[in-house]
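Structure, as structure tokens:
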Amino acid sequence: MFKAVSTEVRFPDLEQRVLQFWKANRVYQRTLEQRSGGPSFVFYEGPPTANGMPHPGHCLTRAIKDLFPRYRTMRGYHCLRKAGWDTHGLPVEVEVCKELGIHGKDEIESYGVEPFIQRCQQSVWRYMQQWEQLTERLGFWIDLNEAYVTYHQSYVESVWWSLKNLFDRGLLYRGYKIVWWWAQGGTALSSGEVGQGYRQVADPSVYVRFNLVDQPNTSLIVWTTTPWTLPSNQFAAVHPDLTYAVCDDGSGKKLIVAEALVATLAEKAKLTLQVEKTIQGIEMIGWRYQPPFDYYSSKLGSAQGTLKSGGKEHLYWRVVAADFVTTDSGTGLVHLAPAFGEVDFDVLIKQQERFVSGEEPKLICAVGPDGKFTADVPSLQGVWVKDADKTVTRSLREAELLYHQEQYLHDYPFCWRADQDPLIQYPRESWFIKTTAFRDAMLANNKQIGWLPDHIRDGRFGNFLESNVDWALSRERYWGTPLPIWVCEKTGQMEALGSYEELLKKPGVEGTDVWLKAKAANPELVDDLKVHKPYIDAITYSSPYAAGSRMRRVSEVIDCWYDSGAMPFAQWGYPHQGKEQFAKQFPADFISEAIDQTRGWFYSQLAISTMLFGEQDTSANAQAKSDVPAQAYPHPFRNCIVLGLMLAEWYESKDGKRRFLTEDEARKECGTQYVSKTGKMSKQLRNYRSPQEIFDNHGADALRWYFFANQAPWNSIIYSERAIRDSIPEFLLRLWNVLSFFTIYGEIDGFRGPGDIEGKLDQLNADELQRSPRYRPVAERDELDRWVLSELSLASEEVVRCMDAYDNYGACQRLIALVDGLSNWYIRRSRERFWAEDVNGVDKVDAYWTAYECLVTITKLIAPFVPFTAEAIWQELIRPAAGRVRESVHLCDYPTAIAEYQDRDLAVQMATLREIASLGRSARMDSKLKVRQPLSRVEVVLAEHTHLAWLQNHAAMLREELNVKSIEYPERADDYVQYTVVPNFRRLGPRVGPLLPKVKAALGAASGAALLTQLQETGQVRLQLDATEVVLDREDIEVRLQAKPGWAAAQGKQCVVVLNTELTPELIREGLAKDLNRVIGDMRKKQQCKFTDRIRLVMVGDFAELEQMLAEQQASIMQAALITEIVRTAPASVALEKVELGNYEVEIGIQVVSD
RNA sequence: GCGCGCGUAGCUCAGUUGGUUAGAGCGCGUCGCUGAUAACGACGAGGUCCAUGGUUCGAAUCCAUGCGUGCGCACCA
């Protein structure tokens, strides 16, 4: 038996019960077991880092990551969902430093690397519980117990294996790199970190004279905002195509700047610059100049080297060509200090390549890694670079080399965690992966990936790949995967190792005792630490390259993005173990993260996979790859949904001092003095609610549905509590109300549903339901039943099509329309059938079965989207057959189309009928005739008569819906309606092209009614346009209607509905009866009558007109409201209420009669 | 600065290969319905589809330029 389900549902409570149910019955595990023989759907979890609190953005990614695996599982696929955690990296170290109150590498070293990394390892799990709780509460089904963890030994060794592979193929090399350097902390920062720290500052900007060696009294003017780099100057750059001007400044000194900037520079220095002649940049190349400081030039000023092309050239302080020189700012001449600028450094590399080996210019660098000047510059030794700006400027002025000085406002990066520390660009030795060798391969791979939205492929991601630079892999830090390269201390020869075991097998291994001692001293230490610093650093072995020499590991760890990008194989420990799993679970069918991962996880995965498993190998040492299977593109993921970023919505007092999360609070506190804001979510601003609060107040399904159904997932989405709350009534609650309606009457009527089906039941598909003795063939049922089942099938088909294309938004739109049709048309139109007296009436039972089948199917359809609500509804629906069907909706197969149910004509017909009903109500509204007042007649004028016969057959439904006595469909209604004939543009456009405006004009000019007659009689319309005759058939034109003024009419696209507004006394009395019925219904409800209670109606007052109404309508009133008798005098026991019926006032009361 | 995305109703967003009356939800207003009822329905107001130019018989849609905005990259030597 069904049990009446209350409309008052609290989703958060319901969800808690569902969670318990899932746990108690191992539902998730069983969904996997059940599909173990099915085809694989491979999903990869992009590992979050658990050392920060999860926030609403993570809910979005986790919801999407849950949706498609659930869907595919119901479609029969076996979808493993291995969780993962990203555990290495600077953020972890920073957290630990904060905790310890220390700052910078020196302090870490003095604290001790060993205890430091032990703390890092523990810190990684700090918010683990919150993460697991959020994951579970959101309904994200994933195997947390078997999560991969990037610091685990097996994971690290997988990464090592891949690095050894790259190293052996010559793809891992050591080089210099200009990095953003945090001098106080002694570390380079990743571009992401640098990006966080930009802010606007005013820096001194100086225009400096570089005196030319071979042209007395003439100088180049260069500009810089970093005066402290001038002592390290090596070159001056010009653009070869720019025109430069030699000017006289009035004092006899000559200076050279870009011609375009002469006026600007004259104004700056308040000088008159007389242009003497102009010269092309290309002609200046090779000119030598005197650098502003002679710390290096005193020794190297005349140094020369041999060119590869023959001949000799001075190594330093000459003019070179560079394409990046512009006249947007500065002077068109650029000071180059290769040590402190990436582009400057590239110029040096190019210069070095021109000279024979050993004679090239070297890097000049007057600053140490601590950001202070070295002994190379005695007058500034030990001075912090930014503090040197003033001194440098003063010296320039004294040497009469300063042309002009001013403040310059620009954005400059500071350390994101020590915001007083400016970053400097600085050369560091670094390990690189030669990703540039795989640029084309990565592009080819990328081409095959199914990106959503697809502009990512050629847009953001494609562009990023196009401009690929070698991956700077190493980090001079502590907590990360150690770079597995050992160097011979004598010869510098290097070897990469692919596992810990391989290391232990090396000859003459020493240093393993460091770990053993640590472990002995503290048995709690996790074994995974032995492959980390400092234990791994302690292990050395005999060099095969020089007798007596040791092999020692380089000190660096690697970029943690490499860790995450290696997860397709490292999650299984491949290839040291897990070969089978890897073979089955590669590549992924589906991944999803937010757009910020474009250069993060999306790239690191693609790059590593392309290099290791790519189709073609462009590297020098390809055979080293032979143990790895090559894979056809795309890999390692086939489809990727790139999510938009999540924004916060909050309210602020107008002075910006107070923030509120809801508008109500803001209004309460500030009256009207508040503004609404949207922007980035910020921990500091506390401008968003914790996900937990949303779960507690509105439920996880509300949040999920809001994410899935409100916009395409790649749009940015506002995390708005109001919007989340609003998503409940429009879908979840509406569906719940249908369930409630169904179960209330199902219980009253004793409808047994699947309970009366004999034999084996499984998942209540149509073929099972039809075994019920009372389930009649759909074709024999009422048209409304066939309509809603057709909608059900069409929707199933469409939802499957959308979901197969990863279009959750489209799927949700279709589901909303389906539930709306069920609730607001099917159930509403069928209520009388459910209320029918005869419990076993065929029509009534049909209605039950139809509604039941819809509910069962919809529950399955929505299960991946709102798993909690779906489960709760399922449990109610299976109640009569509990124990005989699948225990959970999530164990069912996903519904697909049932071809026999589909009737596209009927769908169009019903839509037309619904439109007519809507227009009828609209016309009533205009004439102020409420729906309860019956009318004698409406006329419906159709533009197009295809469905006329059908509509005529359904007059009854419309009569009821519109509360009218008769409906007529006049063929022509020239009295009410004006016909306009317009061409069918889509059809005629290609055929008549430029003539189309004339066709339109000709059709417009002719009488619409006449054209229509012509069309009806001959089947075509002939138009004479200038020289050509155009023949139009029925399909070529479209008839539009317009209601003529003066009628109670409403007009839609397809038809006009005209009301007869004449009211007879009889109609008015009928209206009164309907009013009375409503009043009684209200009273029943107010007095909390049971649905089945019979009542006595007491009605006192001056009747007159009402008397006749009662006489006519008594039977129907009594039946509708379960009235046993109508009493005209009031017994004392009944409370009376004054009510208005039409223009009459009466007193009415009701009293429940016992049986 | 470069790249990518976005600009449609008060707000949040749809808008299918270009087709002539641009839609939805929320909010607002009016009205209605009433034993699914803290739900539901109808109607209304509200739009120079960012601007300009172009292609076309026809542009919210395609192209160009500009403006605004978000994100990413880079950073002015």
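Quick caveat, the model's predicted, so the values are computed rather than measured. Note: hydrogens, waters and symmetry copies are ignored here, and every other heavy atom, side chains too, is used. Letters A, B, ... mirror the listed sequences (proteins, then strands); counts begin at 1.
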**Report entry** hbond_proxy A:Ser823 side chain to B:A36 base (donor-acceptor, 3.5 Å cutoff)
**Finding:** yes

Query raised in the report: Of all residues at least two apart in sequence or in a different chain, which pass the salt bridge (charged side-chain N to carboxylate O under 4.0 Å, His left out) check with A:Glu747?
Result: none

Query raised in the report: Who passes side chain to side chain donor-acceptor pair (under 3.5 Å) against A:Arg833, sequence neighbours left out?
Result: A:Asp785, A:Asp843

**Report entry** Results of side chain to side chain donor-acceptor pair (under 3.5 Å) for A:Asp458 - residues two or more places apart only
**Finding:** A:Lys447

Query raised in the report: Is the distance between the ring centroids of A:Phe11 and A:Trp705 under 6.0 Å?
Result: no

Query raised in the report: Can we call the ring centroids of A:Trp471 and A:Tyr603 under 6.0 Å apart?
Result: yes

Requested in this report: Take atom CZ of A:Phe602 and atom P of B:G72, then tell me their distance rounded to the nearest Å.
Outcome: 14 Å

Report task. Please collect all salt bridge (charged side-chain N to carboxylate O under 4.0 Å, His left out) contacts where either partner lies in residues 808-818 of chain A, sequence neighbours excluded, each pair once. Result -> A:Glu791-A:Arg814

Could you list all N or O pairs between the protein and nucleotides 15-17 of chain B that sit under 3.5 Å apart?
residue : atom : partner  : partner atom : Å
B:U17   : O4   : A:Arg986 : NH1          : 3.1

**Report entry** Which nucleotide in B:A77, B:A36, B:C57 has an atom nearest any side-chain atom of A:His335
**Finding:** B:A77

Report summary line: Taken in chain and number order and not counting sequence neighbours, the residues that satisfy ring pair (Phe, Tyr, Trp, His ring centres under 6.0 Å) with A:Tyr719 are none

Report task. Please report, rounded to the nearest Å, how far the C1' atom of B:A39 is from the CG atom of A:Leu732. Result -> 14 Å

Report summary line: Paired to B:A36 by Watson-Crick or G-U wobble criteria (both distances under 3.5 Å) is none

Query raised in the report: How long is the line joining CD1 of A:Ile724 and P of B:C26, in whole Å?
Result: 17 Å

Query - All side chain to side chain donor-acceptor pair (under 3.5 Å) counterparts of A:Ser205, not counting sequence neighbours - result: A:Trp223

Requested in this report: Using the P atom on both, measure B:G5 against B:A77 and round to a whole Å.
Outcome: 31 Å

Query raised in the report: Hey, does the side chain of A:Arg734 come within less than 4.0 Å of B:G41's phosphate (OP1/OP2), counting only N and O?
Result: yes

**Report entry** Counter-base of B:C62, judged by Watson-Crick or G-U geometry with both distances under 3.5 Å
**Finding:** B:G54

Report task. Output yes when at least one side-chain N/O atom of A:Arg831 is less than 4.0 Å from OP1 or OP2 of B:A36, else no. Result -> yes

Query raised in the report: Among B:C75, B:G41, B:C26, which nucleotide sits nearest the side chain of A:Trp180?
Result: B:C75

Query raised in the report: At under 4.0 Å, does any side-chain N or O of A:Gln425 touch on OP1 or OP2 of B:A77?
Result: no

Report summary line: Side-chain atoms of A:Trp223 come closest, of B:G19, B:A36, B:A77, to B:A77

Query raised in the report: What does B:G1 pair with, Watson-Crick or G-U, if both distances are under 3.5 Å?
Result: B:C73

**Report entry** For B:G68, the Watson-Crick or wobble counterpart (both distances under 3.5 Å)
**Finding:** B:C6

Query raised in the report: What residues form a ring pair (Phe, Tyr, Trp, His ring centres under 6.0 Å) with A:Phe707, not counting sequence neighbours?
Result: none

Report summary line: A:Leu645 has its side chain closest, among B:C71, B:C75, B:G41, to B:C71

Distances under 3.5 Å between nitrogen or oxygen atoms of protein and nucleotides 3-12 of chain B:
residue : atom : partner  : partner atom : Å
B:G3    : O2'  : A:Asn463 : ND2          : 2.7
B:G3    : N2   : A:Arg460 : NH2          : 3.4
B:C4    : O2   : A:Arg460 : NH2          : 3.1

